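First the structure, in the form of structure tokens, and then the observations on it.
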Amino acid sequence: MGAAASSPDYTADEMMSIAAARSLRDGQVCFVGIGLPSTAANLARRLHAPGLVLVYESGTLDTRPAELPLSIGDGILTDSALTVVSVPEVFNYWLQPGRIDVGFLSGAQLDRFGNINTTVIGEYTEPDVRLPGSGGAPEIAASCREVSIVMRHRLRAFVEQVDFVTSVGYGTGPLDRRMLGLRGAGPVRVITDLGVLEPDPETSELVLTALHPGIAVEQVRAETGWDLEVSPDLMVTAAPSARELETLRGMRTVGSHPDDRNPDRTTEGATE
Amino acid sequence: MAKIVSLSEAVAELVHDGDTAALEGFTHLIPFAAGHEIIRQGRRELTLVRMTPDLIYDQLIGAGCASKLVFSWGGNPGVGSLHRLRDALGNGWPAPLEIEEHSHAGMANRYVAGASGLPFAVLRGYAGTDLPLHTPTISTVTCPFTGEELAAVAALNPDVTIVHAQRADRAGNVQLWGITGVQKEAVLAAKRSLVTVEEIVDELTPVPGAVVLPSWAVTAVAEVPGGAAPSYAHGYYDRDNAAYRAWDTISRDRQAFTGWLRELGVQR
């Protein structure tokens, strides 16, 4: 998890957060999970997307926290919100009818069709690892107009098939979302610390479409549990600018202490 | 009319062995003091219901109060895992724990149905996920008007719901604000309810966005200043993030946890 080979100026995690922030457009409405997604969305708001609307499942709508929240229900989210609604309302009135442009999620396992597992590693009844569970993720993945996933690229996480489908990406292929009645488009990009994967328009399988600077295709394939295809139009991500890095490093987590250089400790759970 | 009582009286009267109990509060206003009183009074075989079990249920589970957990996200928010929950699920320590697992949207709607006097709620949810294979309170229903198939979840009607609020007046009307989560629904869905409050005041001055629970919809109110710590009470005190981090160490180890129980005044 050290710095990219060709550049000692930033870490792979920083590249990931910056690439994820860049994927958000000004004026979009974004349903944010805690951890990596929250870092990226708050970074975007401080850079190119000051009008990005952040919605957290605690019911805080259009919140503009001065520091990063540690949890989705921190007081700092309430203080800076346009309004605070109840939890049934945030899911039923705001998420379910399709009012949210982008759902920003993470997970413990992700498969070739963008399905996310945050429930168990192994069998449900006798798991090897019990993870936190669903939180808001299943309905975020179903109902947002599109979904972005941000997670560290590791072989144990990028698997052929998830052990448990907590949140549906493309199910088993391109027809599943429509058959299941899922109205959002599903995951349109997966941003990792190595590069970017996007669904093939024909098969919905995730393929490598961008590499971060200094990362080789073979490195990504070695950390991917399926036979990862590479887009013929493979791009290279622009390296972080000085302003991006400075802004990211200047974001402090509420009540943080020196162990908290990286505000993300909860990649196990997509949201709370 | 809600009775104004002490916390220990309220727990003794309203929380019984074998009850289905919901202690709600979405990150904010978690009724920790009431949870600790349940541990001190040694309740057993509770079915604990809560969207985010948080530290409060990790503590109740570790103390052996629970036989079942109904939930939707079981982590230590911003920190990691709930180790007492994991130990109970993986090793049956200190007692085996059954689980019933939902998504947040599902749990929220189960409370809404319970508060509304309906047997189930309808939502767009769970389609294509593996949860319905393991959770019998998730099903489907066909819309009688459009023929569309939708998710149905069974209503939640706890025997007792406990929440924490900023304040109540002397008649027992309750006022809470900030992140209000599912507290209103959880109280109205329950057969009995207890609200612990930071303070009891002569008059409830209006606060923007506040939820008010009328006295006649609440069974008992107890004044417990600081009763939500280490979570927070908006306008009174902040979330003690250091305590959430420290719990990771305490809860990892059975002996350290037993020491914590002893400090709470519980011998085992």
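For the numbers below, each heavy atom of this structure counts, side chains included, while hydrogens, waters and symmetry mates do not. Quantities reported herein were computed from a predicted structural model and do not represent experimental measurements.
Residue A/Ser86 comes nearest to B/Gly181 through the heavy atom pair CB-O, 3.5 Å, listed as atom of the first residue, atom of the second, then distance. The shortest non-hydrogen separation linking B/Ile179 to A/Gly73 is CD1-O, 3.3 Å. Residues A/Phe164 and B/Leu131 approach most closely at CZ-N, 3.8 Å, considering heavy atoms. For the residue pair B/Thr27 and A/Ser71, the shortest heavy atom distance occurs at CG2-OG, 3.1 Å.
In B/Glu199, the CD atom is crowded: over 12 heavy atoms of neighbouring residues, nucleotides or ligands sit closer than 6.0 Å. Other residues, nucleotides and ligands contribute only 12 or fewer heavy atoms inside 6.0 Å of the CH2 atom of A/Trp94. Crowding of A/Glu126 atom CD: a count of heavy atoms from other residues, nucleotides or ligands under 6.0 Å not exceeding 12.
The shortest distance between side-chain heavy atoms of A/Leu70 and B/Arg245 falls below 4.5 Å. Side-chain contact between A/Ser58 and B/His28 is absent, with no heavy atoms from C-beta onward closer than 4.5 Å. Side chains of A/Pro88 and B/Val182 form a contact here, defined as non-hydrogen atoms less than 4.5 Å apart.
Chain B is approached within less than 4.5 Å, heavy atom to heavy atom, by A/Leu180, A/Leu182, A/Arg183 from residues 175-184 of chain A, ordered by number.
B/Leu89 touches chain A through its side chain: at least one heavy atom from C-beta onward sits under 4.5 Å away, while N, CA, C and O do not. Using a 4.5 Å cut-off between heavy atoms, B/Tyr244 makes no contact with chain A at all. Within the 4.5 angstrom heavy-atom criterion, no atom of B/Met107 approaches chain A. For chain B, the nearby parts of A/Asp74 are the backbone and the side chain; heavy atoms of each come within less than 4.5 Å. Within the 4.5 angstrom heavy-atom criterion, no atom of B/Asp238 approaches chain A. Of the atoms belonging to A/Glu139, it is side-chain heavy atoms, and not backbone ones, that fall under 4.5 Å from chain B.
Here the side chain of B/Arg86 pairs a donor or acceptor atom with the backbone of A/Arg130 at under 3.5 angstrom. Although no hydrogens or angles enter the test, the distance criterion places a donor-acceptor pair under 3.5 Å between the side chain of B/Tyr232 and the main chain of A/Gly75.
The greatest number of non-hydrogen atom pairs below 4.5 Å with chain A, out of B/Gly75, B/Gly90, B/Ser103, is found for B/Ser103. Listed options A/Thr83, A/Asp79, A/Ile76, A/Asn115 were ranked by heavy-atom pairs under 4.5 angstrom with chain B; first place goes to A/Asp79. With chain B as partner, the option from A/Leu77, A/Thr60, A/Val168, A/Leu95 having the largest number of non-hydrogen pairs under 4.5 angstrom is A/Val168.
Here A/Thr125 contributes atom OG1 and B/Ile99 contributes atom CD1; the two are 9.5 Å apart, rounded to the nearest 0.5 Å. Taking CG of A/Leu131 as the reference point, atom CH2 of B/Trp73 lies at 10.5 Å (rounded to 0.5 Å).
Among pairs with a residue in residues 141-154 of chain B, those fulfilling salt bridge (charged side-chain N to carboxylate O under 4.0 Å, His left out) read B/Arg124-B/Glu148, at least two apart in sequence or across chains.
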